[in-house]
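Working notes, beginning with the structure itself.
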Amino acid sequence: LAQHLSKKLSIPHFELDHLYWLPGWKKRPLEERIEIATKKLSTTPQWIVCGNHSHLKNIIWKEVDTAIWLDYSIWRCFFRAMKRAIHLIYTKKEICGGNKESISHLLFSRKSILQYLFKKHKILHHRYTRMMIAPEYNHVRFIHLKSPQDTKNFLQADR
């Protein structure tokens with residue numbers, strides 16, 4: 001969605017996962033993540049960010065004017081993550097800091113997207129629900145999309 005909107009609106013985007021991961025699925029030090037994000041956001045008048053890493057909340061959310069929340073069910077997320085991971089394993093495409101997905105990483109690593117999904121889905125749902133009504137985010141227009149059909153309708157209506 002971020003890539004699609006970036007092309008459609010001619011606004012650059014960056015994915016926070018690329019900022020987070022270094023080769024070997026090692027986390028980039030927090031200070032570096034903050035420095036890189038601050039520099040990117042301050043040197044670009046408009047941007048689209050994909051992801052919401054809580055450690056960058058104070059940098060990103062004070063500048064956000066619109067947030068699109070893809071609030072899909074955990075099972076839809078699971079099947080999409082599996083499909084994407086299998087595609088990445090098959091194509092050997094580099095992702096996030098030059099890493100490549102593998103069966104062992106997907107199924108057995110504590111850093112697996114599937115483990116992250118089952119650990120964080122409910123927590124993030126509650127967090128974003130609270131953010132939508134929190135006074136400190138009154139400046140943000142929230143677009144809450146609960147299904148792929150909602151997303152499709154949003155994209156078609158936003159021509």
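Connection of Leu70 to Phe142 is not established within any shared hydrophobic cluster, with ILVMFWY side chains joined at heavy-atom distances below 4.5 Å, either directly or through further cluster members. Clustering ILVMFWY residues whenever any of their side-chain heavy atoms sit less than 4.5 angstrom apart, transitively, puts Leu88 in a cluster other than the one holding Phe78. A continuous path of hydrophobic side-chain contacts links Ile143 to Tyr72 [ILVMFWY only; heavy atoms under 4.5 Å]. By the rule that hydrophobic residues join a cluster once side-chain heavy atoms approach within less than 4.5 Å of another member, Ile11 and Val64 end up as members of separate clusters. Under a hydrophobic clustering in which Ile, Leu, Val, Met, Phe, Trp and Tyr are joined whenever their side-chain heavy atoms come within less than 4.5 Å, directly or via other members, Phe79 and Phe118 fall into the same cluster.
A distance of 6.0 Å or more separates the ring centres of His121 and Trp75.
Looking at heavy atoms from C-beta onward, Leu155 lies in side-chain contact with Leu5 at the 4.5 angstrom threshold. Annotation: side chain of Tyr116 is in contact with side chain of Leu124 (closest heavy-atom distance under 4.5 Å). Looking only at side-chain heavy atoms (C-beta outward), Thr44 and Phe14 stay at 4.5 Å or farther from each other. Leu22 has its side chain within reach of Pro29: a pair of non-hydrogen atoms, C-beta onward, lies under 4.5 Å apart. The shortest side-chain heavy-atom distance between Lys83 and His87 does not fall under the 4.5 Å cut-off. Annotation: side chain of His125 is in contact with side chain of Trp69 (closest heavy-atom distance under 4.5 Å). Residues Lys27 and Trp21 are in side-chain contact: their nearest non-hydrogen atoms beyond the backbone lie under 4.5 Å apart. Val140 is not listed as a side-chain neighbour of Thr66, based on a closest heavy-atom distance of 4.5 Å or more.
Expressed to the nearest 0.5 Å, how far CD1 of Ile103 lies from CD1 of Ile86 amounts to 7.0 Å. Distance check, rounded to the nearest 0.5 Å: CD of Glu31 to CD1 of Ile36 gives 11.5 Å. Distance check, rounded to the nearest 0.5 Å: CZ of Arg33 to NE2 of His55 gives 4.0 Å. The OG atom of Ser6 lies 11.0 Å from the CG atom of Leu1; values are rounded to the nearest 0.5 Å. In this structure, CD in Glu136 is found 14.5 Å from NZ in Lys62, a value given to the nearest 0.5 Å. For the atom pair CD (Gln149) and CD (Gln156), the distance works out to 7.5 Å, reported to the nearest 0.5 Å.
Pairing each heavy atom of Ala2 with each of Ile48, the nearest pair is CB-CG2, 3.9 Å. The minimum heavy-atom distance linking Arg127 with Ser54 is given by the pair NH1-CB, 3.9 Å. Residues Glu94 and Lys100 approach most closely at CG-CE, 3.7 Å, considering heavy atoms. For the pair Leu114 and Met82, the tightest heavy-atom approach, listed with the atom from each and the gap, is CD1-SD, 3.3 Å. Listed here is the closest heavy atom pair of Arg110 and Gln115: CA-OE1, 4.0 Å. Here the closest heavy-atom approach between residue Ser112 and residue Leu106 is recorded as OG-O, 2.5 Å.
Within a 6.0 Å sphere centred on NZ of Lys111, heavy atoms belonging to other residues, nucleotides or ligands number more than 12.
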Legend entry - Residues Leu19, Lys40; criterion side chain to side chain contact (heavy atoms under 4.5 Å, CB included); working and verdict: CA-CA 11 Å; Leu19 181 69; Lys40 278 185 181 262; 5.5 Å; no

Inset, instruction - For side chain to side chain contact (heavy atoms under 4.5 Å, CB included), just list the numbers for Ile95 and Arg84, CA-CA rounded to whole Å, side-chain angles, deciding distance to a tenth of an Å, and then say yes or no. - result: CA-CA 11 Å; Ile95 56 170; Arg84 177 176 179 262; 4.2 Å; yes

Inset, instruction - Could you walk me through whether Val49 and Leu56 pass the side chain to side chain contact (heavy atoms under 4.5 Å, CB included) test, one step at a time? - result: CA-CA 11 Å; Val49 172; Leu56 298 174; over 6 Å; no

Legend entry - Check against side chain to side chain contact (heavy atoms under 4.5 Å, CB included), His53 and Tyr20: CA-CA 9 Å; His53 293 228; Tyr20 191 83; 3.5 Å; yes

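Using cut-offs of 30° and 60° for the angle between ring planes, the Trp25 and His105 rings count as parallel.
Side-chain atoms of Arg76 never come within 3.5 Å of backbone atoms of Ser147 as a donor-acceptor pair (strictly under, hydrogens ignored).
Using a 3.5 Å distance cut-off with no hydrogens or angles, the side chains of Trp61 and Asn52 do pair a donor with an acceptor.
Among Gln46, Lys7, Gln3, His4, the one residue that satisfies the side chain to side chain contact (heavy atoms under 4.5 Å, CB included) test with His13 is Gln3.
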